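The next block holds one structure in the form of structure tokens; read it before the comments.
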Amino acid sequence: MNSKINISSLNKKQQEAVISRDKRLLVLAGAGSGKTMTLLQKIVYLIESESVKSKNILAVTFTKNAANEMLDRLLISSDKTENYAQKLADKQITEKDKNLLRLEYQSRYQWIKALTIKTFHSLCFKILRDYGANEFDNKFKILGEDKWNENDEFAEYKAKETVFEVFHKMVIQQCDDEKFLFALKRYILDYFVDKIHINTDKYYGYEKQYTTLDGTKVRSKSEQFIADWFFRNNIRYVYEGKRQVSEKGFTFQPDFYLPEANIYIEHVSNLSYSLKDKQLACKKAGFTVEYTYEKDTHDSALFSHMLENIVKNRLSNNYQPRKLTYQETFNGFYNHIDEFIKMVNRVMDMIKVENADIQQIAQKGQADQHERVRDFYALSIPIIQKFNGYCVDKSYLDFNDLLIRCIALVKNEKDIAKILKDRFKYVLVDEFQDVNSLQMEFIKLLLTEETQLFCVGDDWQSIYGFRGSDVTYIIEFEKHFNPSKVITLNINYRSTQNIVDAGNEVIKHNKFKIDKEIFAIKPTLQKIMLFSASEEEKSIEEALNFCVSQVVKLQKEGYTSDDILFLYRRNHMFRPNFSDAFKKAGIKVQAKTIHAAKGLEAKVVFIIGLTDGYGGFPDIWLEDRIFQVIKRANHELLMEEERRLFYVAVTRAKEKLFLISRKGNESSFISEIPANLLERINKPIDLIKEKVFLCNNCLKQIDTSHTFCPHCGAKILH
């Protein structure tokens, strides 16, 4: 059909996507292929050429910055005076002022103002505020990870407390139950202080490596249980105190001595020495010795009863259980409690993102073969349940709850579902490769047979698996939305051919992907530069010197600080060494983790820390088994995500790309780039040169030990 807008500036694949009337369409957009422009052109085309009302269009993305970028580009193209673009480019303008400016200009263009361009969270927030009273208190507050911030889009709706603060409050309340209090203290001591699940090599030789509730170090878990029982019941004890039992100097070192009861307790295990001599000596000395046995410790209730029978009627005063507060129990351990709370928070988030049943997770966790995992879930699930109950009572929703409650609203309230489906007849989803299970379910609930779904994304750039995103949704798009169509944008407008080829070759090593060949329109300026520092002890210094010299050289060539971007897998790769060196050299150098740089680009990119092994890149992190209870990790898939992360880093570069590594320990990703695309720019390793000795008469090689030449017999002059 004849369109009312000119789309001739788009390539054929982009045009095909923009004018498509397919009900379920995935635009598979390679890096630098103009996906955002295609999505925005789709919006304009629907309004101008298909006479679609702006209010019927929903564009949803993942970050506020991405949503703002869409709005800004629409406003800039509409503002013929160019005032908006000039004001937005002012580096002195604050985020708050930008938001006000954006609102002002939106009101000038009603067709833009009527559009719904939001993040998943802000969309669900609006729906629950407008229609959610039957599902939840529609005057709810947002419970965030951080304190109030004026630049936060939910600033005026934020709760006064944070997620962490509420969790901490719930832990303290749960510790009113002494059984829980002591169980939590035991967990903290075992797995955050003694780290008995990690430092297993320390226990060889029966050393004192287990910490009791009162801080005493003992040799075994069983002795730890006994000491803790004494502590909880307010019974004073001495651990392994020496006692002389005869005039000959024979010493007895009992496991426990109870002064008030004048009784000795020996715990017998398979590591204990023979008791024969000890029993005889103690009998002669008139010592009262009771014995406990390792085989009886497997039933904690029975063992507690045995201990009670041993001390019963031997104490001068009736012993009473110790009453402790949270504060005195965990004094000195608050940093460990903080770490425990972070783990509980992570588990709660995973349960919500995976849309899992908390009772099933509790059963699965407490059925695990490992005590550490079982104990964690026994402690964490009551805290999570208490947290959820508190949030309902206080009318709090966290960011996952926004989606969960919105999904429930659409499922349970048919009239509300109809309102949303009738309004949003065109649903556009940006960065589709990053959707998680909750977001996918929410998208599906908005659709009817007549709704047009237009998704844009790139499976090669799916890098948020650790947050719960699931790359299978984009790879298996046609399975989830049937019938559907996929259009691939395979022209890269950002990078040179050499850089694009490197990305293509690296990503080919992934098995779980959609095959596509990306082409560049820019010719190659230079090969990808690979610098590998030589000696390990000098590698950081060499890398620093090289990078500083290259930045200085680039600046002399006319490149600005904004043109140069340093990328790294983890923060320790850049700080403090690189940041300090650049500061000293007066270099001012965009520097970000690769995750934070998603969506950015620069003329020159340096990727640092490209070594193999711990602390390098790839950096495969198989998370704690505690989290595997909710979602099992696959090593091969984790490696594929690391490779996608490297692909994202490579494709941020527009003109020049520098890879910084170390000789003899180069990242496996470097070997996946064909040699013809690389140029090594460091000095090669010098070959080992042996000194050769020659006869001064016949000039043949001789050994330094020779006095006379074995060839000609001449005397050797050393």
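Just so it is clear, the model here is predicted, and its values are computed rather than measured. The first residue in the sequence is number 1, and the count goes up from there.
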Are side-chain N/O atoms of Asn490 and Thr488 paired as donor and acceptor at under 3.5 Å? no
Check whether any side-chain heavy atom of Asp459 lies under 4.5 Å from a side-chain heavy atom of Lys516, and answer yes or no. yes
Considering only heavy atoms from C-beta outward, does the side chain of Phe512 approach that of Thr472 to under 4.5 Å? yes
Working to the nearest 0.5 angstrom, can you tell me the gap between Leu71 CG and Ile117 CD1? 4.5 Å
Ring pair (Phe, Tyr, Trp, His ring centres under 6.0 Å) against Tyr464, all qualifying residues, sequence neighbours excluded: His595
Hey, what do you get for CZ (Phe432) to CG (Asp458), rounding to the nearest 0.5 Å? 13.0 Å
Residue Lys444 excluded, over 12 heavy atoms near NZ under 6.0 Å: yes
Trp460 side chain vs Ile514 backbone, donor-acceptor pair below 3.5 Å: yes
With respect to Phe454, which candidate in Ile57, Leu25, Val18 satisfies the side chain to side chain contact (heavy atoms under 4.5 Å, CB included) definition? Leu25
Could you check whether atom NZ of Lys598 has more than 12 heavy atoms from other residues, nucleotides or ligands sitting under 6.0 Å from it? yes
Heavy-atom side-chain contact between Lys522 and Lys654 under 4.5 Å: yes
Using the side chain to side chain donor-acceptor pair (under 3.5 Å) rule, take Thr448 and Thr451 through it: C-alpha gap first, then chi angles, then the decisive distance, then the call. CA-CA 5 Å; Thr448 69; Thr451 310; 2.9 Å; yes
Lys/Arg-Asp/Glu bridge criterion (N-O < 4.0 Å) met for Asp401, Arg405: no
If the threshold is 4.0 Å, N to carboxylate O, is there a salt bridge linking Glu431 and Lys35? yes
Asp72 CG to Arg102 CZ distance, which is reported to the nearest 0.5 Å: 4.0 Å
Salt bridge or not for Lys12 and Glu16, using N-O below 4.0 Å? no
Can you tell me if CD on Glu82 sees more than 12 non-hydrogen neighbours from other groups inside 6.0 Å? no
So is Arg643 actually on top of Phe646's ring, under 6.0 Å and inside 45° of the axis? no
With the threshold set at 4.0 Å, does a side-chain nitrogen-carboxylate oxygen contact exist between Arg346 and Glu623? yes
Mark yes or no for whether Gln590, through its side chain, and Asp562, through its backbone, hold a donor-acceptor pair below 3.5 Å. yes
Please check if any side-chain donor atom of Asp563 sits under 3.5 Å from a side-chain acceptor atom of Thr560, or the reverse. yes
Does the side chain of Glu413 come within less than 4.5 Å of Tyr131's, by heavy atoms? no
Between Lys411 and Glu441, is there a side-chain N and carboxylate O pair less than 4.0 Å apart? yes
Distance-only donor-acceptor check, side chains Tyr426 and Glu50, under 3.5 Å: no
Take Tyr84 and Tyr109 through the test ring pair (Phe, Tyr, Trp, His ring centres under 6.0 Å) and record every step on the way to the result. CA-CA 12 Å; Tyr84 183 74; Tyr109 305 98; 8.8 Å; no
Looking at Trp111, is its backbone amide N or carbonyl O close enough to the side chain of Ser54 to form a donor-acceptor pair, meaning the two atoms are under 3.5 Å apart? yes
Nearest heavy-atom neighbours spanning Phe442 and Cys406: CE1-SG, 3.8 Å
Without swapping roles, check the side chain of Gln106 against the backbone of Lys113 for a donor-acceptor pair under 3.5 Å. no
For the backbone of Leu75 and the side chain of Ser78, can you confirm whether one donor and one acceptor N or O come within less than 3.5 Å of each other? no
Flag side-chain contact, heavy atom, 4.5 Å: Val410 against Ile127: no
Would you call Lys513 and Glu640 a salt bridge, using N to O less than 4.0 angstrom? no
Using only atom types and a distance under 3.5 Å, with no angle test, would you say the side chain of Gln86 pairs donor to acceptor with the backbone of Asn83? no
With side chains defined as the heavy atoms from C-beta onward, is the minimum distance between Lys126 and Asp130 less than 4.5 Å? yes
For the pair Asn388 and Met348, evaluate side chain to side chain contact (heavy atoms under 4.5 Å, CB included) and give the outcome as yes or no after the intermediate values. CA-CA 10 Å; Asn388 290 335; Met348 182 187 74; 3.9 Å; yes
Measuring from Lys42:NZ to Thr38:OG1, what's the distance to the nearest 0.5 Å? 11.0 Å
Should we say atom NZ of Lys592 is surrounded by more than 12 heavy atoms from elsewhere, each under 6.0 Å from it? no
Measuring from atom CG of Leu453 to atom CD1 of Ile443, what distance do you get when rounded to the nearest 0.5 angstrom? 7.0 Å
Measure across Leu438 and Asn436 and return the closest heavy-atom pair with its distance rounded to 0.1 Å. N-OD1, 3.1 Å
Using every non-hydrogen atom in the two residues, find where Ile463 and Asp434 come nearest and quote the distance to one decimal. N-OD1, 4.2 Å
To the closest 0.5 Å, what do you measure between CD (Gln497) and CD1 (Ile518)? 10.5 Å
Would you please classify the geometry between the Phe617 ring and the Phe669 ring as parallel, tilted or perpendicular, with 30° and 60° separating the classes? perpendicular
Backbone N/O of Ala31 and side chain of Asn492: donor-acceptor pair under 3.5 Å: yes
Can you tell if the side chain of Asn510 reaches within under 4.5 Å of the side chain of Arg644, non-hydrogen atoms only? yes
When you measure from the side chain of Asp22 to the backbone of Lys485, do you find a donor-acceptor pair of N or O atoms at a distance under 3.5 Å? no
Applying the side chain to side chain contact (heavy atoms under 4.5 Å, CB included) criterion to Leu128, which one of Asn138, Leu402, Leu123 satisfies it? Leu402
Do Val353 and Leu403 come within less than 4.5 Å of each other through their side chains, counting heavy atoms only? no
